[in-house]
Amino acid sequence: MRHWTFSIDSEGLGHLVLDHANARVNTLGSEVLAELDQALVEIEQTSPKGVIISSGKSRGFIAGADIAEFNEFSDEAQLRESLKRAHALFDRLESLPMPTVAAIHGFCLGGGLELALACTYRVATKESTLGFPEVKLGIFPGFGGTGRSVERAGALAAMTAMLTGKNYKAPAARRIGWLERVVETPDRLFWAARKLILGRKTVRKRPVAHRLMQLKPIRGYLAKKMRQQTQTKANPAHYPAPFALIDLFEAYGRTSKSMRAGEIERFPAMMLSQTSGSLRQVFFASEALKKVETPFKGRRLHVIGAGVMGGDIAAWAAFSGFDVTLQDLTQDAIEPALKRAESLFKKRLRKQPAIDNARSRLRADVKGEGVVQADIIIEAVVEKLEVKQPLFQRLEEQAKPDALLATNTSSLPLEDIAKGMRDPSRLVGVHFFNPVAQLPLVEIIQGAATRPDVLEQARGFVAAIRKYPLLVKSAPGFLVNRVLAPYMFGALDRLEQGAKAEDLDAAAVAFGMPMGPIELMDSVGLDVCLAVAQELGLDNQQDNSLKQLIGQGKLGRKSGQGFYAWEKGKAQRTLPSGDAELGALLLKPLVDTCEACLAEGIVQDAESLDIGVIFGTGFAPFLGGPLRARALGVV
Ligand code: NAI
């Protein structure tokens with residue numbers, strides 16, 4: 001066997017260890033499953049007292065099925081046959097005559113959790129993460145996990161886990177019944193597993209409530225509730241998998257066995273659906289974006305400009321483990337940023353020591369003392385060439401020779417900012433989006449002179465702060481603003497011609513956008529939108545409702561009033577049901593512009609463009625991005 005090893009120790013306990021031969025993490029591909037079959041034969045023949053299944057990887061147990069293999073299937077019958085084999089394998093594991101224990105450290109997701117649930121017991125280190133992320137790929141568990149998770153955790157907890165795709169830390173997973181034991185450290189796993197086997201602990205009896213699920217009317221009632229809940233989060237026309245899972249539960253959820261049989265029946269249609277294909281493509285493209293050749297080595301970041309952007313970039317980097325100095329003209333200008341950072345740390349880190357650590361990594365630095373030590377300097381001062389140019393000339397003199405020099409400009413050409421620098425090849429753009437904490441994309445802007453190694457380092461930095469770096473050529477609007485502007489201004493034209501804001505927004509949402517173009521303008525800030533449009537030559541110089549609102553100081557969400565009134569960060573309006581066809585018309589200029597950007601080489605390839613626009617604008621993920629949507633004929 002190449003991936004598994006099996007041995008029996010002096011006490012007669014069997015140890016089955018998965019260490020995928022050609023990957024950094026364990027996944028359950030066809031080769032690994034075929035070998036598991038072999039391992040089970042060996043276990044059946046040698047009859048150890050019990051079997052402990054663990055991972056040979058330091059990073060985790062099993063990350064899931066091998067998603068790359070999914071694309072090999074194009075036919076429901078062929079896929080169903082393959083599922084039947086996997087189910088037979090897990091059933092054999094479950095019915096081995098000796099107790100089996102999954103000893104889990106790190107992540108145990110999807111197929112990995114399904115394998116663990118087929119064991120007699122499960123123990124995990126307390127930092128382990130368990131969950132069923134399948135719905136995020138447009139499917140539900142397919143290796144028997146639907147029935148087995150409901151059997152262990154009860155319908156409510158298990159269905160919630162599968163419908164949301166949420167991760168559970170080990171203590172929470174234990175509370176819902178997925179784990180028998182939680183231990184502090186990996187070295188305790190073996191002892192806990194051994195005790196379970198030798199003590200022959202009986203598995204908890206299913207509470208009465210679980211047994212009620214055998215009654216069809218009760219399942220029907222629950223299914224109805226689940227559908228209502230799920231509909232508030234996902235549109236069944238766009239994301240059918242969670243709804244198909246609820247149908248499966250209602251029709252087959254009487255016992256674990258019947259639900260598993262139903263799973264084999266219904267899984268293939270989901271996996272071969274267009275939604276699942278698109279979501280898998282999104283997953284692969286996002287993984288590709290994250291991959292950087294040379295991880296960023298430095299730990300010190302200096303940010304100049306503590307406004308909306310600079311302040312939030314500094315906070316996010318401190319949260320991500322960087323030592324950050326934050327400079328502005330006065331201490332007063334920095335204070336609001338520190339306050340916002342505090343809320344971010346509290347919200348995301350929760351525990352006091354972690355919050356204190358993050359706070360200690362972020363320092364106000366009016367004098368700019370951090371410049372000489374920094375490994376990377378990000379400039380986020382006002383959008384004025386006459387401020388940025390001399391700043392970079394000075395930075396070039398003061399900074400370490402190998403420090404990365406980056407600007408967060410959203411509209412000034414890098415070539416202009418770099419004018420006057422001795423070595424313009426050092427300057428790179430790192431274009432964050434507002435709000436920084438929520439938007440995963442950062443455009444890495446390549447100026448005419450920017451050196452390739454500088455670009456690669458910038459990508460490394462962005463990946464190190466857990467954002468997705470997208471390489472973009474320096475051109476007005478870069479990628480995201482350039483494709484958004486004609487979409488927003490197209491909607492504005494319709495508004496001027498008498499369309500209602502709510503109808504336009506509802507149409508875009510019906511198409512599959514997270515929010516409509518009018519609400520988006522309000523969120524971005526109406527002044528910012530106008531500036532982008534002017535930069536791109538989209539503003540026709542005539543008076544319109546946008547300019548009138550700006551003139552009245554109504555700038556959108558940030559001022560409490562724009563096209564909509566805003567309260568506590570929410571637009572005060574109710575959307576009617578939307579017209580998806582109108583939505584497609586609204587999105588057409590965006591997709592046209594994406595095609596132009598690809599033709600002009602603004603982004604390297606169609607896959608990067610699609611994922612960039614999904615992460616940068618929220619463009620319908622179930623369509624796989626704007627170019628894929630066009631190929632599908634949707635827009
Ligand atoms: P802002 O006006 O909120 O903040 C700018 C800050 O820079 C102010 O606190 C100001 O006191 C400070 N500053 C000005 N001159 C300085 C100097 N010489 N030294 C130190 N600090 C100085 O502006 P915002 O919105 O944060 O924008 C900053 C940059 O980020 C601009 O280049 C903008 O184009 C870009 N950007 C803005 C986005 C947005 O949505 N607001 C999105 C992406 C990029």
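Each ligand, and each atom within it, is numbered from 1 in the order the structure gives.
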Specify the protein heavy atom at minimum distance from [atom]: its residue, its atom name, and the distance to 0.1 Å.
atom                    : answer
atom 37 (C) of ligand 1 : Met309 CG, 3.3 Å
atom 2 (O) of ligand 1  : Val382 CG1, 4.2 Å
atom 4 (O) of ligand 1  : Gly307 CA, 3.2 Å
atom 3 (O) of ligand 1  : Val308 N, 3.0 Å
atom 16 (C) of ligand 1 : Val381 CG1, 3.6 Å
atom 17 (C) of ligand 1 : Leu329 CD2, 3.6 Å

Could you tell me which atoms of ligand 1, counted from 1 in the order shown, lie closer than 4.0 angstrom to a heavy atom of [X]?
X      : value
Gly305 : 7 (O), 21 (N)
His431 : 43 (C), 44 (C)
Thr409 : 32 (O)
Ile304 : 19 (N), 20 (C)
Lys388 : 31 (C), 32 (O)

Measuring from [atom], which candidate in [options] has the nearest non-hydrogen atom?
atom                    : options                        : result
atom 5 (C) of ligand 1  : Ala333, Ala380, Gly310         : Ala380
atom 11 (O) of ligand 1 : Asp328, Asp332, Asn481         : Asp328
atom 44 (C) of ligand 1 : Val532, Asn434, Asn408, Leu412 : Asn408

Looking at Tyr468, I'd like to know if the NZ or CZ of Arg459 sits under 6.0 Å from its six-membered ring centre while staying within 45 degrees of the ring's axis.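 Cation-pi check for Arg459 and Tyr468: fails.
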Indicate whether the side chain of [X] and that of [Y] have a donor and an acceptor atom separated by less than 3.5 Å.
X      : Y      : answer
Arg482 : Thr593 : no
Glu383 : Ser411 : yes
Ser360 : Asn357 : no
Thr330 : Asp332 : no
Asn408 : Glu379 : no
Lys169 : Thr129 : yes
Gln393 : Glu397 : no
Glu502 : Thr574 : no
Tyr564 : Asp505 : yes
Gln548 : Asn544 : no

Return a yes/no value for [X]: is any of its N or O atoms, backbone included, closer than 3.5 angstrom to an N or O of ligand 1?
X      : value
Ser410 : yes
Glu383 : yes
Val387 : no

Examine the proximity of ligand 1 to Phe432 and report which part, side chain or backbone, both or neither, has a heavy atom under 4.0 Å away.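 For Phe432, only backbone atoms sit under 4.0 Å from ligand 1.
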Is there side-chain contact between His238 and Phe511, with at least one heavy-atom pair below 4.5 Å? no
Can you confirm whether some protein heavy atom lies under 4.0 Å from atom 40 (O) of ligand 1, or whether none does?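 When distances to the protein are checked, atom 40 (O) of ligand 1 has a heavy atom within 4.0 Å.
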